[in-house]
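The basis for the numbers below is simple: all heavy atoms, side chains too, and nothing from hydrogens, waters or symmetry mates.
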Amino acid sequence: MNRLPDVRTRDNQAQQIQDAVSNVEKHFGLLCQLLAAYIRKTARLRDKADSLVKEISIYADTETPNLKRGLKSFAVELANIQDYRTAQVERLEAKVLEPLKSYGTIVKLKRDDIKAALLAWSRESKQMAQLEKTRQRNPSDRHIISQKIFTEFITIEMAFHAKALEVYTNAYQHIKDIDEDEDLEVFRSSLHPPEYLSRLGIVRANSKSSFDKSGSTKPMPGSFQNQQTPNNRRKNQLEDEVDDEEEDGDDDDDDDEH
């Protein structure tokens, strides 16, 4: 009669252990699937970002110098982030997903140990000690694995986002440094190519020359044509004196004839 409570206690303990193992097996399996999906989506996000970097670079080659320089620098920073994202994916696979997968094998081995211990429970005290040891270690293993896996997960994510924040800050500054006014001047200059400006200058020069010539045909008061130099004035005075002497000579001849 004294053995019956011990049997019931052992059965309860065995059931609790089996339930714990089944619970871990179920939830760790789901965690493994979801983490694998998370890592795959992170890798796809990196691939899409690589395509975005390529397109930004192609577009930058078609733009004005200042905008081109800003977009090129932004693309470089965005590409750097994808390098960190690649490292993030690789670390998550190695330090989170693989340990979680391997723990699935450990859970299966523990289940087999429990079954073997239960079969020999009523026969050997040694197996009883083994069952007790399994019962004590099972929760401990579960806690250690959970803590280790999620500590690694958080550490990897924090490292990635810390570097990403730094690089995104640089990328933001590159975009802010784009000088719209300078590019606007470049765009306006591109609307008038050099040969057009050269022809425009020739036309303006010819127009000015024609205006100067037309204006010079009409003497203005105080112009060069109305001004006489001292030599010209002296010459005119001599001519006037000669004319006066000739007129006086003519008058004398007339008097003699009378």
Mind checking whether [X] and [Y] have side chains closer than 4.5 Å, heavy atoms only?
{"X": "Leu92", "Y": "Leu97", "result": "no"}
{"X": "Val24", "Y": "Tyr103", "result": "yes"}
{"X": "Glu157", "Y": "Gln88", "result": "yes"}
{"X": "Ile154", "Y": "Met158", "result": "yes"}
{"X": "Leu30", "Y": "Gln33", "result": "yes"}

Distance flag, aromatic centroids of Phe74 and Tyr168, threshold under 6.0 Å: no
Grouping I, L, V, M, F, W and Y whenever their side-chain heavy atoms are under 4.5 Å apart, do Leu78 and Val76 come out in a common cluster? no
Lys72 atom NZ, neighbour heavy-atom count above 12 within 6.0 Å: yes
Are Arg69 and Asp177 close enough for a salt bridge, meaning some N to O gap below 4.0 Å? no
Could you tell me which non-hydrogen atom of [X] sits nearest to which non-hydrogen atom of [Y], and how far apart they are?
{"X": "Leu165", "Y": "Thr169", "value": "O-OG1, 2.7 Å"}
{"X": "Glu63", "Y": "Lys68", "value": "O-CB, 4.2 Å"}
{"X": "Ala60", "Y": "Leu71", "value": "CB-CB, 3.7 Å"}
{"X": "Pro99", "Y": "Ala94", "value": "CD-O, 3.4 Å"}

Please report the interatomic distance [atom1]([X]) to [atom2]([Y]), rounded to the nearest 0.5 Å.
{"X": "Ile149", "Y": "Leu35", "atom1": "CD1", "atom2": "CG", "value": "8.0 Å"}
{"X": "Thr86", "Y": "Arg91", "atom1": "OG1", "atom2": "CZ", "value": "11.0 Å"}
{"X": "Phe160", "Y": "Thr155", "atom1": "CZ", "atom2": "OG1", "value": "15.0 Å"}
{"X": "Leu67", "Y": "Glu182", "atom1": "CG", "atom2": "CD", "value": "11.0 Å"}
{"X": "Lys95", "Y": "Glu152", "atom1": "NZ", "atom2": "CD", "value": "5.0 Å"}
{"X": "Ile178", "Y": "Gln173", "atom1": "CD1", "atom2": "CD", "value": "11.0 Å"}

Return the set of residues passing ring-ring contact (aromatic ring centres under 6.0 Å, His included) with Tyr172 (not counting sequence neighbours), or none when no residue passes. none
What residue among Leu34, Val89, Val96 forms side-chain contact (heavy atoms from CB on, under 4.5 Å) with Ile39?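 Result for side-chain contact (heavy atoms from CB on, under 4.5 Å) with Ile39: Val89.
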Option among Ile56, Leu52, Ile58 that satisfies the side-chain contact (heavy atoms from CB on, under 4.5 Å) test with Lys54: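 Among Ile56, Leu52, Ile58, the one that satisfies the side-chain contact (heavy atoms from CB on, under 4.5 Å) with Lys54 is Ile58.
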Going by the rule side-chain contact (heavy atoms from CB on, under 4.5 Å), which residues pair with Glu185 if we only count those two or more places apart in sequence or in a different chain?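 Here the qualifying residues are Arg188.
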Donor-acceptor side-chain pairing of His174 and Asn170 below 3.5 angstrom: no
State whether the side chain of Glu77 and the backbone N or O of Ser73 hold a donor-acceptor pair below 3.5 Å, judged by distance alone. no
Given a cutoff of under 4.5 Å between side-chain heavy atoms of I, L, V, M, F, W and Y, with clusters grown through shared members, what are the other residues clustered with Leu45?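 Answer for Leu45: none, a lone residue.
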